[in-house]
Amino acid sequence: MGFSTDAIHAGQQPDPVTGAVITPIYQTSTYAQEELGKHKGYEYGRTHNLTRASMEANIAALEKGKYGIAFASGLAATHALLSLVKAGDHVICSNNVYGGTYRLFEQIMKDYGLEFSWVNTSELSNIEKAIKPNTKMVYLETPTNPMLNLTDLQGASDICKKNNLLCICDNTFMSPYFQNPLTLGCDVVLHSSTKYLNGHSDVIGGILLTSDEKIHERLRYIQNATGGVPSPFDCWLVMRSTKTLAVRMERHEKNAIALAKYLSESGIGKKIYYPGLSSHPQHELAKKQMRGFGGMISVDVGDTEKAKKILKNVKIFTLGESLGGVESLISHPASMTHATVPKEEREKFGLTDGLIRFSVGIEDIEDLIADIENALK
Ligand SMILES: *Cc1c(COP(=O)(O)O)cnc(C)c1O
């Protein structure tokens with residue numbers, strides 16, 4: 001099936017009792033059992049919920065995976081994922097991952113005997129160099145936030161296969177509409193469904209996708225045993241949202257391309273980071289492993305004062321963290337998401353005080369451009 005057909009139909013069938021076309025919100029903690037040992041396959045809400053199962057199947061289809069395992073947040077999904085390794089094991093990570101992922105690994109999981117190496121995975125040889133006898137997992141995020149660096153997923157997963165390592169990809173930035181890491185050899189894909197999957201800035205959620213039966217069984221066990229499951233209502237909201245993922249992503253991208261063009265032609269952007277521009281150092285890789293370039297742009301406007309002026313005066317763009325919603329957001333990574341990274345370190349990879357990150361929404365592009373023009377007046 002095509003992406004949009006799956007988005008609208010996969011995992012869902014009319015309710016057998018009433019014929020309701022939309023999967024109901026099964027807001028229940030437990031299920032009536034007919035007699036000892038005889039029930040309909042549903043025993044307890046943490047373990048089984050049909051709204052959740054429908055959403056999991058829906059997103060699994062979009063990621064070209066067999067199984068989805070949902071969690072109450074992206075970080076709860078990441079945390080559960082780390083239960084696939086154990087004390088004494090070593091994990092290699094992209095050095096520019098989501099800040100909360102870094103915090104979870106360094107501030108919490110390290111105390112449980114896990115070892116992490118942070119490497120620039122845009123250079124595949126860095127992954128190979130970091131492998132040790134106790135390495136078990138490679139944790140990738142591509143494109144990265146906010147510099148939008150890419151990692152070659154096929155190349156990275158080949159290295160993982162050769163060395164018997166689990167290959168994980170956080171695909172939150174691209175969404176399954178533009179990139180499917182499982183088809184490029186990754187073992188597990190992670191999403192913060194808070195972002196593009198839900199897309200309306202009203203749910204916190206996470207999900208893991210895999211086609212490997214053994215990994216699925218273990219993750220399903222971990223989901224039930226650790227219990228970080230999403231509510232039925234949140235699952236229903238995400239499923240309502242994935243139906244329009246294709247049209248939203250098309251519009252996010254169309255607006256992002258137009259905004260990137262405007263920022264470069266107007267001279268406002270001294271340096272523009274967007275994988276869709278031929279000036280992006282990995283534009284060729286982007287074209288090869290993604291079907292589009294997404295809605296995230298970072299722009300270095302050259303000086304802090306100009307950045308501040310834009311951030312302060314925009315009216316349609318909302319100053320805030322997060323991304324992937326229908327409304328446009330603007331943020332200042334140096335003082336917001338990446339404030340804990342020392343200035344010298346940040347500037348080494350281009351994260352200056354003049355850098356602004358845009359999560360381009362699906363409003364009218366003329367209004368978005370006028371908003372930035374007016375902010376600078
Ligand atoms: C937001 C985000 C997460 C964490 O997800 P939450 O739903 O906020 O817990 C993980 N990875 C990326 C790339 C994100 O943007």
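Along the sequence shown, residues carry numbers from 1. Read the numbers this way: they start at 1 and go in the same order the structure lists the ligands and their atoms. Because the structure is a prediction, the values reported are computed rather than measured.
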>> Tell me whether Ser192 contacts the main-chain N or O of Thr172 through its side chain, where contact means a donor paired with an acceptor under 3.5 Å.
In response: no
> Looking at residues at least two apart in the chain, or sitting in another chain, which of them share a side-chain hydrogen bond (donor to acceptor under 3.5 Å, both in side chains) with Asp353?
Replying inline: Lys343, Arg346
>> Main chain of Asp170, side chain of Glu141: is a donor-acceptor contact present, judged purely on distance under 3.5 Å?
In response: no
> Short question: side chain of Asn198, backbone of Ile204 - any donor-acceptor pair under 3.5 Å?
Replying inline: no
>> Is there a side-chain hydrogen bond (donor to acceptor under 3.5 Å, both in side chains) between His216 and Arg220? Walk through the geometry before answering.
In response: CA-CA 6 Å; His216 164 245; Arg220 185 68 68 196; 3.3 Å; yes
> Distance-only, no hydrogens or angles: does the Asp6 side chain make a donor-acceptor pair with backbone N or O of Phe3 under 3.5 Å?
Replying inline: no
> Under a 4.0 Å heavy-atom cut-off, what residues line ligand 1?
Replying inline: Ser73, Gly74, Leu75, Tyr98, Glu141, Asp170, Thr172, Ser192, Thr194, Lys195, Gly205, Leu323
